[in-house]
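Data first, discussion second: the structure below is written as structure tokens.
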Amino acid sequence: MLDLTGKNALVTGIANNRSIAWGIAQQLHKAGANLGITYLPDERGKMEKKVAELVEPLTPSLFVPCNVQNDQQIQSTFELIRDKWDKLDILIHCLAFANKEDLTGDFSKTSRSGFNQALEISTYSLIQISGAAKPLMTQGGSIVTLTYLGGVRVVPNYNVMGVAKAALEMSVRYLATELGPQNIRVNAISAGPIRTLASSAVGGILDMIHHVEEVAPLRRTVTQLEVGNTAAFLCSDLASGITGQTLYVDAGYEIMGM
Ligand code: NAD
């Protein structure tokens, strides 16, 4: 049975009720996990208020600001976990960012700063927070990140984010190798296209969704809760033999050649 009772889970990447991380947090909670939630702080505190209201029914025992471009905030987040929880079991990395102008048009026009920012936030952050989680996962653990097919094949307009996801998927393999002896598993979920704040920045996202609805074996795309179910499975003992993998939760789209 899928049971996460007694497991402490840190979930990053909730911005609103469309976020994939929100789907994941709900399913982890349903399976009995104790949640810690991070949010991306803004100057006026609007995000803090919005996310706090949204996650309240899941009764998180930690709620912390964590901009992954801010070393101090990352450090504080994991110090708080060390002080308040006896151990960390689950880490959900569900965040990404690229400038809107780098998610459309010619890939060769990607700016140096846009490239660096996309890779720093979307890829390097997994490496950094996994390193911070490692000493706290004293009884083993599960780290899950989110990727997309555009990191393996060319998807129009995905551009720099495709490069970030390719690097993310390779980072999963290196992290899985390093952390495996400590019984920490690291996996990626490659989700089908879903309408969210982040995906709306990708040029032609609605066309991508319609294409998947026409072509995917299940003739539809997936929901945040379906991705959440797979994340809960990967974080549970049912997945104890799985690490270093990219699991497709995409209604089967990935297998199609045409
Ligand atoms: P979303 O906009 O709901 O989530 C993106 C999150 O990233 C937000 O919560 C945002 O606050 C956070 N974020 C951005 N910059 C940050 C920073 N500097 N520090 C901390 N957090 C930061 O969109 P989503 O679609 O739910 O995206 C979640 C993940 O799923 C991303 O990695 C995305 O690439 C991936 N994904 C999305 C789709 C899709 O179609 N929506 C498909 C496959 C993979």
Side-chain angles (χ1 to χ4, degrees), residues 10-26 37-42 46-48 50-52 54-55 64-74 76-77 91-100 102-103 116-126 128-129 144-153 155 157-169 171-172 188-213 216 221-228 230-231 246-251 253-254:
L10 187 73
V11 179
T12 66
I14 299 178
N16 56 37
N17 64 1
R18 284 178 180 258
S19 294
I20 293 175
W22 171 234
I24 295 174
Q26 288 176 89
I37 305 285
T38 71
Y39 61 91
L40 176 62
D42 56 9
K46 275 172 79 177
M47 189 65 103
E48 177 180 5
K50 195 161 88 176
V51 178
L54 179 67
V55 303
V64 256
C66 187
N67 180 338
V68 295
Q69 289 188 290
N70 184 322
D71 288 338
Q72 191 59 53
Q73 284 181 12
I74 293 179
S76 307
T77 299
L91 175 62
I92 305 294
H93 176 269
C94 193
L95 54 93
F97 179 83
N99 289 319
K100 205 168 160 55
D102 291 327
L103 294 170
N116 288 342
Q117 193 182 19
L119 273 279
E120 181 190 344
I121 296 176
S122 316
T123 310
Y124 180 70
S125 62
L126 174 70
Q128 191 175 17
I129 67 173
V144 174
T145 186
L146 266 293
T147 187
Y148 176 60
L149 184 64
V152 178
R153 302 202 204 132
V155 172
N157 299 320
Y158 204 60
N159 294 6
V160 71
M161 194 51 79
V163 178
K165 292 304 191 192
L168 183 77
E169 291 180 23
S171 301
V172 164
I189 296 174
S190 187
I194 300 175
R195 271 191 85 174
T196 62
L197 199 62
S199 73
S200 64
V202 181
I205 178 70
L206 289 182
D207 294 339
M208 280 159 71
I209 293 174
H210 291 147
H211 178 66
V212 168
E213 286 166 350
T221 189
V222 293
T223 66
Q224 291 85 339
L225 287 176
E226 286 179 305
V227 177
T230 303
T246 299
L247 250 75
Y248 284 84
V249 180
D250 67 345
Y253 182 79
E254 187 266 344

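As the structure lists them, so they are numbered: ligands from 1, and atoms in each ligand from 1.
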Hey, which of Ile121, Thr123, Asn116 is the one that makes side chain to side chain contact (heavy atoms under 4.5 Å, CB included) with Leu119? Thr123

Taking distance alone, with no angle check, do Thr147 and ligand 1 share an N/O pair under 3.5 Å? no

Report, in ascending order of atom number, the atoms of ligand 1 lying under 4.0 Å from any heavy atom of Ala15. 8 (C), 9 (O)

Glu120 meets the side chain to side chain contact (heavy atoms under 4.5 Å, CB included) criterion, sequence neighbours left out, with Gln69

Ser122 and ligand 1 - part of the residue with a heavy-atom distance under 4.0 Å: neither

Suppose I only count heavy atoms of Leu197 and a 4.0 Å limit; which atoms of ligand 1 are within that range? 2 (O)

Any side-chain heavy-atom pair of Tyr253 and His211 under 4.5 Å: yes

Apply salt bridge (charged side-chain N to carboxylate O under 4.0 Å, His left out) to Glu169 and list each qualifying residue two or more places apart in sequence or on a separate chain. none

Atoms in ligand 1 flagged as close to Ser199, the criterion being non-hydrogen separation under 4.0 Å: 39 (C), 40 (O), 41 (N)

Under 4.0 Å to a heavy atom of Thr196 - the qualifying atoms of ligand 1, by number: 23 (O), 24 (P), 25 (O), 26 (O), 41 (N)

Subset of ligand 1 atoms that lie under 4.0 Å from at least one heavy atom of Pro193: 40 (O)

For Glu254, does its backbone N or O pair with a side-chain atom of Arg153 as donor and acceptor, under 3.5 Å? yes

Under 4.0 Å from one or more heavy atoms of Ile14, ligand 1 contributes atoms 9 (O)

Gln224 to ligand 1, any heavy atom closer than 4.0 Å: no

Under a 4.0 angstrom heavy-atom cut-off, which atoms of ligand 1 come close to Ser19? 1 (P), 3 (O), 26 (O)

Shortest heavy-atom approach to atom 7 (O) of ligand 1 - which of Leu146, Leu95, Ile129, Ile194: Leu95

For atom 33 (C) of ligand 1, the option (of Lys165, Glu120, Arg195) bearing the nearest heavy atom: Lys165

Among Ile121, Ile20, Asn70, Val222, which one puts a heavy atom closest to atom 15 (N) of ligand 1? Ile121

Counting heavy atoms under 4.0 Å, the part of Leu40 that contacts ligand 1 is side chain

For the backbone of Phe97 and the side chain of Ser122, can you confirm whether one donor and one acceptor N or O come within less than 3.5 Å of each other? yes

Option from Thr223, Asp250, Val222 for which side chain to side chain contact (heavy atoms under 4.5 Å, CB included) with Ile194 holds: Val222

Please answer whether the main-chain N or O of Ile74 pairs with a side-chain N or O of Asp71 as donor and acceptor at a distance below 3.5 Å. no

Is there a donor-acceptor contact under 3.5 Å from the side chain of Lys165 to the main chain of Leu146? yes

May I ask you to check whether Cys94 has an N/O atom sitting below 3.5 Å from an N/O atom of ligand 1? no

Element-labelled atoms of ligand 1 that are located less than 4.0 Å from some non-hydrogen atom of Gly192: 40 (O), 42 (C)

Less than 3.5 Å between some nitrogen or oxygen of Gly13 and one of ligand 1, yes or no? yes

Judged by atom type as modelled, is there a donor-acceptor pair below 3.5 Å linking the side chain of Thr12 to the main-chain atoms of Thr38? no

